[in-house]
Amino acid sequence: MQIASVQPFILHLPLTSDSISDSTHNITHWGVVGAKIVTTDGLEGYGFTGTHAHLASDRLITSCISDCYAPLLIGEDASDHQRLWRKLARYPALQWVGRAGITHLALAAVDVALWDLKAKKAGVPLWSQLGGARTDALEAYNTDIGWLSFDLATLLEGSAKAVEEDGFTRIKIKVGHDDPIADIERLTAVRKRVGSKVRMAIDGNGKWDLPTCQRFCALARDLDIYWFEEPLWYDDVAGHATLARNTSIPVALGEQLYTVDAFRSFIDAGAVAYVQPDVTRLGGITEYIQVADLALAHRLPVVPHAGEMSQVHVHLSYWHPASTILEYIPWIKDHFREPANVVDGVFQRPQQPGAGTTPLPASMERYGKSLG
Ligand code: 0YR
Ligand code: MG
């Protein structure tokens, strides 16, 4: 399974709404930025990271793939993915310019493509290749109903539909107004609308400072918040540890962390209850497994962030023993050979060989961007 070529691509796919905001981002498209890796025996592996569809920065990722990683990969045996991960991640000149950020997002894409090849070569879905499914029913929680940019009527209507018609028992609502009272009012209305049995998580996307978070948590005491995600700035280990000590609401984080070392710092500090690794920001599946194993050793639940819109994490969550539930945002499901599919609040277990990352040719054609 020798690597014959590494071909980067950029897709900008429209969302299910015209645009959405959380407390720190506003987007109209999801960027699927990655590589097709072709082997001499004719197999095609696909891997990608997730971006906010900003073409100039997407091109930094594809140029890292084609100019820096491809020359290190061509001619190598694709099944040596563990060795190849180290070759790319520890390559001296590249390690010097990036142990996180663009080089790591590019590494994620390449690593996922190698795992996709491994499972395709074996002729089985990735979860099976990894060691088999731990459950028959992986529960989904719906993030797409809870954007901060939605007015209250839209938020209530979407939450009610998700629960009453689509079978979700779990939802996540974005928070982060300048005055947290505005968020408390929205959450109180949602809780009243969906009832006490629905699990309601919230996500601050790193905007508030510690006093604001503490005030919010005191005001939210009666809302039965399942977790408070990214309450503080992404890298603030001490701040999250202080907040975790001072509130009964469990802290969730990890979607902005690039390395297993970063996760270790948060876990060692007692700063995280729900561990949220993402294959698209860590160095792919290889480093995700290290984080999930670390969480398992600490008896902490793993709830991946879905930067690939659940295409890969559905496999990992069906397999890894520390997994619990998985985020659902249906932005890219019309564009893949085997889309992440939720029925009655449960992710269907993938059946096709590979990691679920193969895009449809028509979508590549229609939404593909020039690499510049
Ligand atoms: C928009 N999920 C998240 C969206 C989402 C972000 O930037 O990507 O809100 O990834 O925090 O938990
Ligand atoms: Mg989040």
Side-chain angles (χ1 to χ4, degrees), residues 11-33 48-54 57-58 105 108 139-150 155 158 162 168 170-177 183 186-187 199-208 213 225-236 240 243 249-258 262-263 266 271-282 288 291 301-314 317 324-333 340 342:
L11 301 179
H12 287 179
L13 301 173
L15 313 182
T16 36
S17 320
D18 289 342
S19 73
I20 60 90
S21 304
D22 59 34
S23 70
T24 52
H25 316 103
N26 178 265
I27 61 175
T28 61
H29 289 73
W30 194 246
V32 171
V33 179
F48 52 87
T49 186
T51 74
H52 286 179
H54 176 259
S57 57
D58 288 349
L105 299 171
E139 256 193 273
Y141 75 84
N142 192 322
T143 294
D144 202 35
I145 50 88
W147 301 108
L148 203 58
S149 45
F150 287 172
L155 179 65
F168 287 93
R170 300 164 178 276
I171 55 177
K172 188 165 83 186
I173 312 291
K174 297 289 183 177
V175 299
H177 289 86
D183 297 288
R186 283 160 68 87
L187 295 171
R199 304 267 202 258
M200 181 170 73
I202 59 160
D203 189 351
N205 288 95
K207 183 181 164 188
W208 283 334
C213 286
I225 304 292
Y226 194 67
W227 72 57
F228 187 179
E229 178 170 328
E230 293 195 318
L232 296 158
W233 180 251
Y234 317 120
D235 300 313
D236 184 358
H240 282 98
L243 182 64
I249 303 176
V251 170
L253 57 83
E255 69 175 79
Q256 296 271 346
L257 302 183
Y258 287 92
F263 276 93
F266 279 93
V272 54
Y274 288 95
V275 180
Q276 300 185 303
D278 187 328
V279 295
T280 67
R281 189 173 302 270
L282 289 160
Y288 177 100
V291 172
V302 169
V303 189
H305 172 253
E308 44 40 295
M309 300 295 137
S310 304
Q311 293 293 122
V312 181
H313 291 117
V314 68
S317 299
T324 54
I325 57 175
L326 177 58
E327 179 166 37
Y328 180 62
I329 310 177
W331 289 341
I332 69 172
K333 73 183 176 60
V342 170

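All values below come from the heavy atoms of this structure, side chains included, with hydrogens, waters and symmetry mates left out. Both ligands and their constituent atoms are indexed starting at 1 by order of listing.
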Check your understanding: With a cut-off of under 6.0 Å to the ring centre and 45° to the axis, is Arg199 in cation-pi contact with Tyr141?
Key -> no
Check your understanding: Which heavy atom of the protein is the closest neighbour of atom 12 (O) of ligand 1, given with residue, atom name and distance?
Key -> Lys172 NZ, 2.7 Å
Exercise for review: Examine His52 together with Trp30 and report whether their ring centres are nearer than 6.0 Å.
Suggested key: yes
Review point. Going by atom types alone, do Thr143 and Glu327 pair a side-chain donor with an acceptor below 3.5 Å?
Key: yes
Practice item. Using modelled atom types only, decide if a donor and an acceptor are shared between the side chain of Thr49 and the backbone of Thr280 within a distance under 3.5 Å. Key: yes
Practice item. Please answer whether the main-chain N or O of His177 pairs with a side-chain N or O of Trp208 as donor and acceptor at a distance below 3.5 Å. Key: yes
Practice item. With 2.8 Å as the limit, jot down which protein N, O or S atoms are around the Mg ion (ligand 2). Key: Asp203 OD2, Glu229 OE2, Glu255 OE1
Review point. Can you list the atoms of ligand 1 that are under 4.0 Å from a heavy atom of Asp203?
Key: 2 (N), 3 (C), 11 (O), 12 (O)
Point to revise | N or O contact, Glu229 vs ligand 1, cut-off under 3.5 Å | key: yes
Check your understanding: Can Gln256 and Glu230 be counted as having a side-chain donor-acceptor contact under 3.5 angstrom?
Key -> no
Exercise for review: Measure the distance from atom 2 (N) of ligand 1 to every protein heavy atom, then report the residue, atom name and distance (to 0.1 Å) of the closest one.
Suggested key: Glu327 OE2, 3.1 Å
Check your understanding: Would you say the side-chain atoms of Ser317 pair up with the backbone N or O of His313, donor to acceptor, closer than 3.5 Å?
Key -> yes
Review point. Among protein heavy atoms, which lies nearest atom 6 (C) of ligand 1, and at what distance?
Key: Asp22 OD2, 3.3 Å
Review point. Does any N/O atom on Trp30 come nearer than 3.5 Å to any N/O atom on ligand 1?
Key: no
Check your understanding: Is Tyr141 close to ligand 1, meaning an N/O of one under 3.5 Å from an N/O of the other?
Key -> no
**Study point:** Closest protein heavy atom (residue, atom, distance) for atom 5 (C) of ligand 1
**Key:** His305 NE2, 3.5 Å
Check your understanding: Can you tell which of His25, His52, Glu230, Lys174 gets a heavy atom nearest to atom 3 (C) of ligand 1?
Key -> Lys174
Practice item. Would you check if the side chain of Ser17 reaches a backbone N or O of Ser19 as a donor-acceptor pair within less than 3.5 Å? Key: no
Review point. Between Thr143 and ligand 1, does any nitrogen or oxygen pair lie at a separation below 3.5 Å?
Key: no
Review point. Can any side-chain N or O of Lys207 pair as donor or acceptor with the backbone N or O of Gly176 at less than 3.5 Å?
Key: yes
Exercise for review: Indicate yes or no for a side-chain donor-acceptor contact from Tyr234 to the backbone of Asn205 under 3.5 Å, with no hydrogens or angles considered.
Suggested key: yes
Point to revise | Test item: Gln311 side-chain N/O and Ala340 main-chain N/O as donor-acceptor pair under 3.5 Å | key: yes
Review point. Quick one: which ligand 1 atoms are inside 4.0 Å of a heavy atom on Glu255?
Key: 2 (N), 3 (C), 10 (O), 11 (O), 12 (O)
